[in-house]
Amino acid sequence: MRIATWNVNSLKARLPRVEEWLAYARPDVLCLQETKLADSAFPGLAFESLGYRSAHHGEGRWNGVAILSRVGLDDVVAGFDDSREPDVDARMLWATCGPVRVCSVYVPNGREVGHDHYRYKLDWLARLRQHLEAAHDPARPLVIGGDFNIAPADADVWDIAAFEGSTHVTEPEREALRALEEWGLEDAFRRLHPEPGLYSYWDYRAGMFHKRQGMRIDLLLATAPVVETVTFALVDRQARKGKLPSDHAPVLIDVDTDRL
DNA sequence: ATGGTCGCGCAGCGA
């Protein structure tokens with residue numbers, strides 16, 4: 001079972017690239033972020049024609065997350081599944097796809113250290129941690145895929161010195177990510193690829209992609225039963241090339257579900 | 001080259 005995550009930076013602008021990618025990568029499950037669509041504008045029929053069921057949670061203009069699946073799509077929940085006040089933004093979507101509970105997340109960017117949005121980011125991650133503790137079991141198959149807007153370690157950015165004082169690499173952000181890992185999630189891509197220089201996001205500006213100056217902020221966090229059966233992991237840099245690319249590349253893992 | 005790019009939506013913000 002191939003599970004992927006991709007921040008598409010507008011699904012309206014990216015639909016041809018997403019369709020092309022589905023055709024050649026053939027993921028079983030794809031988590032999308034930054035669709036920037038209202039639910040009424042989500043192109044579900046286009047995905048249906050390619051063999052995918054889909055669910056979307058969006059508000060239009062900003063944010064927006066989706067899950068596509070060709071192995072079933074059940075028990076869909078939009079937003080935090082914790083009976084508390086709804087999130088102000090459309091950043092989270094849950095669905096059960098075959099044997100795996102899947103969550104697509106677009107973690108707040110944070111904007112600047114000390115900004116209200118930075119506090120919102122940390123609160124958002126803490127709320128996810130609380131929800132996992134209250135309602136999930138790390139012994140069961142769960143994958144949270146998305147744009148976490150956090151580089152887990154210094155090796156996940158092209159030059160840590162360039163990020164002095166910036167969001168995405170601060171200790172509170174990394175601590176919030178570690179809290180998810182301490183509950184029972186693991187960075188599945190990193191487990192198979194410990195080498196540095198592997199990124200999932202490159203700024204559009206200044207030829208950052210061609211200079212290989214990126215950040216690895218798109219993660220597939222998986223519980224132990226999933227992570228122990230991962231046979232392959234990849235950042236598809238091809239999808240960052242060519243005509244009208246997203247500024248993020250898709251990240252995928254292959255899971256041997258027979259061993260789940 | 002002292003700025004570089006997108007997307008949204010039509011100015012300027014967010015990333």
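Chain letters run A, B, ... following the sequence lines, proteins first and then strands; every chain starts at 1. Nothing here was measured: the structure is a model prediction, and the numbers come from that model.
Going from the C1' atom of B:dG9 to that of B:dG14 covers 13 Å, rounded to whole Å. When the C1' atom is compared between B:dC8 and B:dT2, the two are found 28 Å apart, to the nearest whole Å. Comparing the C1' positions of B:dC10 and B:dA1 gives an interatomic distance of 29 Å, to the nearest angstrom. One P atom belongs to B:dG7, the other to B:dG3, and the distance between them is 24 Å to the nearest Å.
Within 4.0 Å (heavy atoms only), A:Phe209 reaches no atom of the nucleic acid at all.
With rounding to the nearest 0.5 angstrom, the OH atom of A:Tyr201 is 7.5 Å from the CE atom of A:Met215. Taking CG of A:Leu142 as the start and OG1 of A:Thr223 as the end, the distance is 5.5 Å to the nearest 0.5 Å.
Look at CG on A:Asn149: it is 8 Å from C1' on B:dA15, rounded to the nearest Å. Distance A:Arg61 CZ to B:dA11 P: 12 Å, rounded to the nearest Å. The NZ-P distance, from A:Lys211 to B:dG3, rounds to 15 Å in whole Å. Regarding A:Asp247, its CG atom lies at a distance of 7 Å from the C1' atom of B:dA15, rounded to whole Å. If you measure from atom NE2 of A:His117 to atom C1' of B:dC13, you get 12 Å, rounded to the nearest angstrom. The CD-P distance, from A:Glu34 to B:dC8, rounds to 10 Å in whole Å. Rounded to whole angstrom, the span from the OH atom of A:Tyr118 across to the P atom of B:dA15 amounts to 16 Å. The separation between A:Met208 atom CE and B:dA15 atom C1' is 13 Å, rounded to whole Å.
Regarding contacts with the backbone of B:dC6, every side-chain N or O of A:Ser10 stays at 4.0 angstrom or more from both OP1 and OP2. OP1 or OP2 of B:dG7 has at least one side-chain nitrogen or oxygen of A:Arg14 nearer than 4.0 Å. For the OP1/OP2 pair of B:dG3 and a distance below 4.0 Å, the side-chain nitrogens and oxygens of A:Arg205 include no atom meeting the criterion.
Relative to the six-membered ring of A:Phe80, A:Arg127 meets both conditions, a distance below 6.0 Å and an angle of at most 45° to the axis.
Using a 4.0 Å cut-off between charged nitrogen and carboxylate oxygen, A:Arg2 and A:Asp28 do not count as a salt-bridge pair.
You'll find that the side chain of A:Ala13 is closest to B:dC8, out of B:dG14, B:dC8, B:dG4.
For the pairing with A:Asp156, the side chain to side chain donor-acceptor pair (under 3.5 Å) check across A:His168, A:Arg190, A:Arg174 returns one residue only, A:Arg190.
Two residues, A:Asn109 and A:Tyr204, neighbour DNA chain B, and the one matched to the more 5' nucleotide by heavy-atom proximity is A:Tyr204. Take the nearest nucleotide of DNA chain B for A:Leu244 and for A:Gly110: the residue whose nucleotide is more 5' is A:Leu244.
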